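The structure presented is a predicted model; accordingly, all values stated were derived computationally and were not measured. Just so you know, ligand 1 is whichever comes first in the structure, and atom 1 is the first atom listed for that ligand.
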Amino acid sequence: MSMETIKTECQEALAVVENADQLAAFWAKYLGKGGEVQKLMAGIKSVPNEEKKAYGQAVNEIKVWVQSLYDEKKVEIDKKAMMARYDEEVIDVTLPVKEVAAGNLHPLTCIKNEIIDVFVGMGFDVFEGPEIEDDDHNFTRLNVLKDHPSRDMQDTFWLTEDLLLRTHTSPGQIRVMDAQKPPIKVLVPGKVFRSDSDATHSPMFSQMEGLVVDKHITLCDLQGMLDQFVKALFSDAAKTRLRPSYFPFTEPSVEVDVSCFKCGGEGCSLCKGTGWIEVLGGGVVNNKVLENCGIDSSKYSGLAFGIGIERIAMLKYGINHMGKLFENDIEFLKQFKA
Ligand code: PHE
């Protein structure tokens with residue numbers, strides 16, 4: 001092909017190129033290996049010596065010229081391809097989207113988090129112990145001795161002669177005091193298990209243990225903290241009342257009532273006419289328990305409490321059957337969407 005033919009042909013061929021494939025074919029035909037430009041180059045062999053220089057220059061000019069035509073076209077084709085992609089991938093942001101059904105926290109998780117927030121605000125740490133405990137942690141070192149009638153207060157699921165499903169979160173007290181020296185201020189949330197089942201009891205439920213060990217800790221500290229707790233969870237007007245009780249691991253021991261947040265203390269169906277609702281057990285840590293953990297009870301004293309989380313949830317949300325909290329009925333749970 002002569003130089004002139006190549007020039008006109010190239011222009012004509014490029015004029016009809018519309019896409020990247022056609023452009024690649026153009027490149028192969030004219031600029032690629034064995035293409036028309038290279039053929040012209042090879043033709044230099046048959047050119048007389050004195051014309052070789054001029055011939056070479058002329059071919060080179062053609063090469064540069066075809067290349068520039070090609071480059072120009074490539075920019076045009078690339079741009080066209082990009083615009084086509086934009087058109088294809090366009091998103092109509094005004095289209096209404098399908099609503100995503102997001103879940104929500106379980107009411108027990110909400111209550112647990114609320115309680116943790118209150119006590120963390122007072123400087124408490126959070127610790128979690130195992131659900132399978134041994135007799136030593138669950139009973140003996142908490143001063144619940146073998147054959148002591150108080151073991152009957154809690155119907156235990158025994159796994160072996162020594163292992164059991166913890167009946168309360170109090171073994172967490174022992175684990176914390178074994179691991180840490182006073183001052184101690186810790187919360188132990190967790191599941192506990194007792195062979196018991198009716199409207200207000202379930203074989204599995206949750207507790208929140210609290211333990212404070214330091215110098216000069218008294219029952220007043222317990223009531224002060226619990227006052228803060230009921231105010232945060234129920235209402236600013238809520239108050240606590242301590243009644244004497246018995247737990248082997250606290251001395252003295254108390255049941256703690258909160259003033260009825262429904263009637264404000266007048267007496268109603270929720271508080272069974274008394275104006276008070278029992279919410280937890282607690283007391284001053286028995287010296288024997290401190291000593292069982294190697295803490296000098298002449299220097300240190302402690303307070304402990306155990307809150308039933310389901311009970312608080314039932315009171316707060318007016319739930320009349322504990323089982324509802326474990327059935328996972330989605331319609332029931334949806335009501336607690338924050
Ligand atoms: N562990 C007791 C229970 O489950 C509650 C409690 C905890 C009482 C801490 C006193 C101190 O009934």
Side-chain angles (χ1 to χ4, degrees), residues 112 115 119 124 126-131 133-145 148-157 164-177 184-197 200-214 217-226 229-230 240-258 277-290 292-293 295 297 300-312 314 322:
K112 181 178 131 181
I115 301 176
F119 286 100
F124 279 69
V126 178
F127 167 85
E128 283 183 52
E131 287 170 10
E133 271 295 3
D134 54 22
D135 182 293
D136 225 34
H137 288 86
N138 196 81
F139 291 127
T140 310
R141 290 172 70 199
L142 283 164
N143 197 37
V144 189
L145 301 176
H148 191 282
S150 68
R151 285 206 179 191
D152 299 338
M153 281 164 69
Q154 305 183 346
D155 298 305
T156 310
F157 288 113
L164 48 90
L165 296 179
R166 65 177 172 200
T167 58
H168 51 180
T169 42
S170 300
Q173 293 188 31
I174 304 293
R175 292 192 177 271
V176 169
M177 287 189 278
I184 291 170
K185 235 178 172 184
V186 73
L187 283 181
V188 187
K191 291 193 179 91
V192 300
F193 307 84
R194 290 182 202 176
S195 171
D196 207 352
S197 185
T200 54
H201 296 88
S202 146
M204 188 269 304
F205 60 105
S206 343
Q207 288 189 332
M208 180 78 72
E209 194 84 7
L211 173 72
V212 177
V213 184
D214 204 345
I217 295 293
T218 69
L219 206 56
C220 291
D221 297 306
L222 177 66
Q223 186 159 24
M225 284 177 178
L226 295 178
F229 157 66
V230 297
T240 57
R241 173 178 85 170
L242 307 188
R243 277 182 294 110
S245 183
Y246 173 75
F247 298 103
F249 30 92
T250 46
E251 181 60 38
S253 301
V254 291
E255 298 284 357
V256 182
D257 297 339
V258 57
I277 300 168
E278 186 191 319
V279 286
L280 60 106
V284 171
V285 178
N286 193 317
N287 283 346
K288 285 190 190 146
V289 175
L290 293 178
N292 285 344
C293 298
I295 294 175
S297 62
Y300 292 102
S301 56
L303 61 84
F305 56 86
I307 305 170
I309 297 182
E310 284 77 5
R311 194 171 162 70
I312 302 279
M314 288 169 79
M322 197 185 278

*asked:* In the structure I gave you, are the side-chain heavy atoms of Val212 and Asp221 within less than 4.5 Å of one another anywhere?
replied: no
How about Phe193 and Leu164: do any of their side-chain heavy atoms sit closer than 4.5 Å? no
With a cut-off of 4.0 Å, which atoms of ligand 1 are near a heavy atom of [X]?
X      : value
Ala304 : 9 (C), 11 (C)
Gln207 : 3 (C), 4 (O)
Gly306 : 6 (C), 7 (C), 9 (C)
Ser170 : 1 (N), 7 (C)

Less than 4.0 Å between a side-chain N and a carboxylate O, is that true for Glu251 and Lys288? no
Restricting to heavy atoms, the pick from Arg194, Met208, Glu255, Glu209 nearest atom 3 (C) of ligand 1 would be Arg194
Checking heavy atoms under 4.0 Å, the part of Phe249 that sits near ligand 1 is side chain
State whether the shortest distance between N or O atoms of Gln173 and N or O atoms of ligand 1 falls below 3.5 angstrom. no
Could you tell me whether some N/O pair between His168 and ligand 1 is separated by less than 3.5 angstrom? yes
**Report entry** Non-hydrogen atom of Arg166 closer than 4.0 Å to ligand 1
**Finding:** no
### Ile174 vs Val289, side chain to side chain contact (heavy atoms under 4.5 Å, CB included): CA-CA, chis, key distance, verdict
CA-CA 8 Å; Ile174 304 293; Val289 175; 3.9 Å; yes
Value for CG (Leu187) from NZ (Lys112), rounded to nearest 0.5 Å, stands at 11.0 Å
| query | In terms of the angle between their ring planes, are Phe139 and His168 parallel, tilted or perpendicular, with boundaries placed at 30° and 60°? | reply | tilted
inquiry  = Quick check against the 3.5 Å criterion: does Arg141 have a side-chain atom that pairs as donor or acceptor with the backbone of Cys293?
reply    = no
